[in-house]
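These notes concern the structure reproduced below.
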Amino acid sequence: MLRTILDTIPARVFWKDKELKYLGCNIAFANDAKIENPDDLIGKSDFEMPWSHISNQFRNDDREVIETGVPKINFEELQIHADGTKKYLRTSKVPLTDNEGKIFGMLGTYENITELKLSEQELKSKTALLDLAGETALLGGWSVDLETNKVSWSDTVANINGMPKGYTPDLDEAFGFFAPKWRDKLNHVFSQCVNAGIPYDEEMQIISKDGKRVWVRTTGKAIRNEQGKIISIHGALQDISDKKKYEQELIAAKERAEESDRLKSSFLANMSHEIRTPMNSIMGFASLLPEEESKELMTNYASIIVKNSEQLVHIIDDIVLYSRLQTRLLQNIPNEFNVCDLLNDIKQSFDLPEYKEKGIELVNHNLTGLDCTVKTDYDKLRQVFTNLITNAFKYTDKGSITFGIEHINNELLFFVKDTGIGIPENETGKIFNRFYRGSNVTNGSIGGTGLGLSIVKEMVQLLGGKIWVESEEGTGSTFYFTVAGY
């Protein structure tokens, strides 16, 4: 079971003795080391690894942990392989001690954060390139005669503002094209330019004549006469909407990479907790069995061990199922059946003591008034319902759970409604993300790996449908979904 857990998690895990020889690793680490069987790593050193030519960097960290007994947690390393491949790692290393507290080696784990690092580098590189392009691009020119307050501008500026060629607005009209949010700032920098000759170079938004919002770079510079008096302001206007769009896309990509990295770390922490709890029960009660003479207690211990073993298997099943969905190994095999029969079958499957003990009423409803026949994958539709109902039981302490079908806008909708804790309003859009758990449960006593709803979403999409949720925190949630084949 421990080997299965180690080989399932995405983190790389390894352990060494005091001479820095490997004692073992998981499959993820063995793949990085280009070794088929993790046991083949035993007895080898870093000098036999793909990163052997820079192994001293890692070995010095290992020695420091072993010699001082002080863990090194969440630090970054650059791993350069012999073929020139660069990998950025987020690493933790801790000492290993025997029963007497003596250090006999170290254990390390790392995650590959190369994607996050490359996103940061790409953002910096592309932003610099866009800035250079903006500086060398052809700009539309404009000027303001301070005696008449009349504005002259080029055809490029007129086009950006959505005005015809040759049109000459006054200063107030020209300022009116700028979005209200930016007008105070524009008035400030323009006044400084007029009164003190201070040039400006700003990025703002304008609203063109046709209502289109355009990001522009606007510059202004004072022009003086022979007596030194400021008589006009000349400047340029450039449409930088594409530059802003690229910047926002790059920032969003970086944020997604950071969020993915955070969620992976959160998932590993949650899974560690989820696995450790039943594992402790299994190990604890298993150790009591050999010395226990009471048959009744032995039966009780065995029941607890079986229950916790089933919980462990369920966690691993979720991880394996999600992996199969991601790699498109599951197929939609449609067949025709009556939905009412499916609903009755599902309700019967929850007629178990573990659900009855909660005192929550489970109700199935066909709100269409028809014997609905659909052509879809029976087993996968049943699994979607089962997962959503199981989830509802987990987050509902009292009231009821209702599931079934209904017609809305000539569309057949499946639904699961509960009277549980609900979902915060600003999180309903994230609840189907992998590894994500609501802020009102993450730090609570309700277990979970954060994969359940992402599995449901993938399954619904496999069936050609869509899924969404309506929820009010503290009141309950209703999950709606559709499938192709009705």
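No hydrogens, no waters, no symmetry mates; every other heavy atom, side chains included, goes into these values. On a predicted model such as this, the values are computed, not experimentally measured, just so you know.
Here Glu76 contributes atom CD and Leu116 contributes atom CG; the two are 8.0 Å apart, rounded to the nearest 0.5 Å. A distance of 9.5 Å separates CD1 in Ile333 from CG in Leu462, rounded to the nearest 0.5 Å. Rounding to the nearest 0.5 angstrom, the gap separating the OG1 atom in Thr428 from the CD atom in Glu473 is 11.5 Å. Rounding to the nearest 0.5 Å places OG1 of Thr478 at 11.0 Å from CG of Leu388. To the nearest 0.5 Å, atom NZ of residue Lys185 and atom OH of residue Tyr200 are 12.0 Å apart. Going from atom CZ of Arg63 over to atom CG of Leu20 covers 5.5 Å, rounded to the nearest 0.5 Å.
Residues satisfying the ring-ring contact (aromatic ring centres under 6.0 Å, His included) criterion with Tyr88, sequence neighbours excluded, are absent altogether. Checked against side chain to side chain contact (heavy atoms under 4.5 Å, CB included), Asn364 has the following partners two or more places apart in sequence or in another chain: Leu343, Asn344, Lys347, Phe403. For Asp39, there are no salt bridge (charged side-chain N to carboxylate O under 4.0 Å, His left out) partners at least two apart in sequence or on another chain. Judged as a side-chain hydrogen bond (donor to acceptor under 3.5 Å, both in side chains), and not counting sequence neighbours, the contacts of Thr114 are Asn112. Residues that satisfy the side chain to side chain contact (heavy atoms under 4.5 Å, CB included) test with Ala179, not counting sequence neighbours, are Trp182, Gln205, Ile207, Arg213.
In this structure a side-chain-to-backbone donor-acceptor pair under 3.5 Å is missing from Glu64 to Asp61. Side-chain atoms of Ser241 come within 3.5 Å of backbone N or O of Trp215 as a donor-acceptor pair. Side-chain atoms of Ser303 do not come within 3.5 Å of backbone N or O of Thr299 as any donor-acceptor pair. Remark: side-chain polar atoms of Ser92 are paired, donor with acceptor, to backbone N or O of Asn74 under 3.5 angstrom.
Shortest non-hydrogen contact noted between Val65 and Val94 is CG1-C, 3.6 Å. Residues Gly43 and Lys21 approach most closely at O-CD, 3.3 Å, considering heavy atoms. Between Phe385 and Gly404, the closest heavy-atom pair is CZ-O, 3.7 Å. Among all heavy-atom pairs drawn from Ile389 and Ile346, the shortest one is CD1-CG2, 3.6 Å. Of all the heavy atoms in Lys44 and Ile35, the pair that sits closest is CD-CD1, 4.4 Å. Annotation for Thr419 and Lys398: closest pair OG1-O, 2.7 Å, computed over non-hydrogen atoms.
The shortest distance between side-chain heavy atoms of Asp46 and Asp62 falls below 4.5 Å. When side chains are defined from C-beta on, Glu202 does not count as touching His188, because their heavy atoms never get closer than 4.5 Å. Contact check for Asn387 versus Gln383: side-chain heavy atoms found under the 4.5 Å cut-off. Between Lys16 and Ile66, the closest side-chain pair of non-hydrogen atoms is not below 4.5 Å. Thr386 has its side chain within reach of Thr390: a pair of non-hydrogen atoms, C-beta onward, lies under 4.5 Å apart. For the pair Val456 and Asn391, the minimum side-chain heavy-atom distance is 4.5 Å or more. The side-chain heavy atoms of Pro38 and Asn26, taken from C-beta on, include no pair separated by under 4.5 Å. At a threshold of 4.5 Å between non-hydrogen side-chain atoms, the residues Lys86 and Lys117 do not count as touching.
The ring-ring contact (aromatic ring centres under 6.0 Å, His included) test with Tyr22 is passed by exactly one of Trp15, Phe47, Phe29: Phe29.
For Asp418 and Lys394, the salt-bridge test fails: no basic side-chain N is under 4.0 Å from an acidic carboxylate O. A salt bridge does not link Lys72 to Glu77: none of the charged nitrogens lies less than 4.0 Å from a carboxylate oxygen.
Classified by interplanar angle (parallel below 30°, tilted 30° to 60°, perpendicular above 60°), the ring pair Phe285/Tyr301 is tilted. Ring orientation note: the planes of Phe414 and Phe481 are close to parallel, at an angle under 30° on the 30°/60° scale. Using the six-membered ring where Trp is involved, Phe14 and Tyr110 have ring planes that are tilted, between 30° and 60° apart.
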*asked:* Could you go through Val483 and Val384, starting from their C-alpha distance and side-chain angles, then the distance that decides it, and tell me whether this counts as side chain to side chain contact (heavy atoms under 4.5 Å, CB included)?
replied: CA-CA 11 Å; Val483 297; Val384 170; over 6 Å; no
*Go through Arg12 and Asn31 one step at a time and tell me if the side chain to side chain contact (heavy atoms under 4.5 Å, CB included) criterion holds.*
CA-CA 9 Å; Arg12 284 70 167 167; Asn31 289 340; over 6 Å; no
*Quick one: do Leu413 and Thr482 satisfy side chain to side chain contact (heavy atoms under 4.5 Å, CB included)? Show the steps, please.*
CA-CA 5 Å; Leu413 295 185; Thr482 62; 3.3 Å; yes
*When you look at Arg217 and Lys243, which way does the side chain to side chain contact (heavy atoms under 4.5 Å, CB included) test go after all the steps?*
CA-CA 11 Å; Arg217 178 184 179 187; Lys243 172 177 178 274; over 6 Å; no
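By the neighbour-count criterion of 12 heavy atoms within 6.0 Å, atom NZ of Lys380 is densely surrounded, having more than that number from other residues, nucleotides or ligands. Atom NZ of Lys18 has 12 or fewer neighbouring heavy atoms from other residues, nucleotides or ligands inside a 6.0 Å radius.
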Side chains of residues 464-471: which donor-acceptor partners sit under 3.5 Å, not counting sequence neighbours?
unit_1 : atom_1 : unit_2 : atom_2 : d
Ser471 : OG     : Ile423 : N      : 2.8
Ser471 : OG     : Gly476 : O      : 3.1
Ser471 : OG     : Ser477 : OG     : 2.7

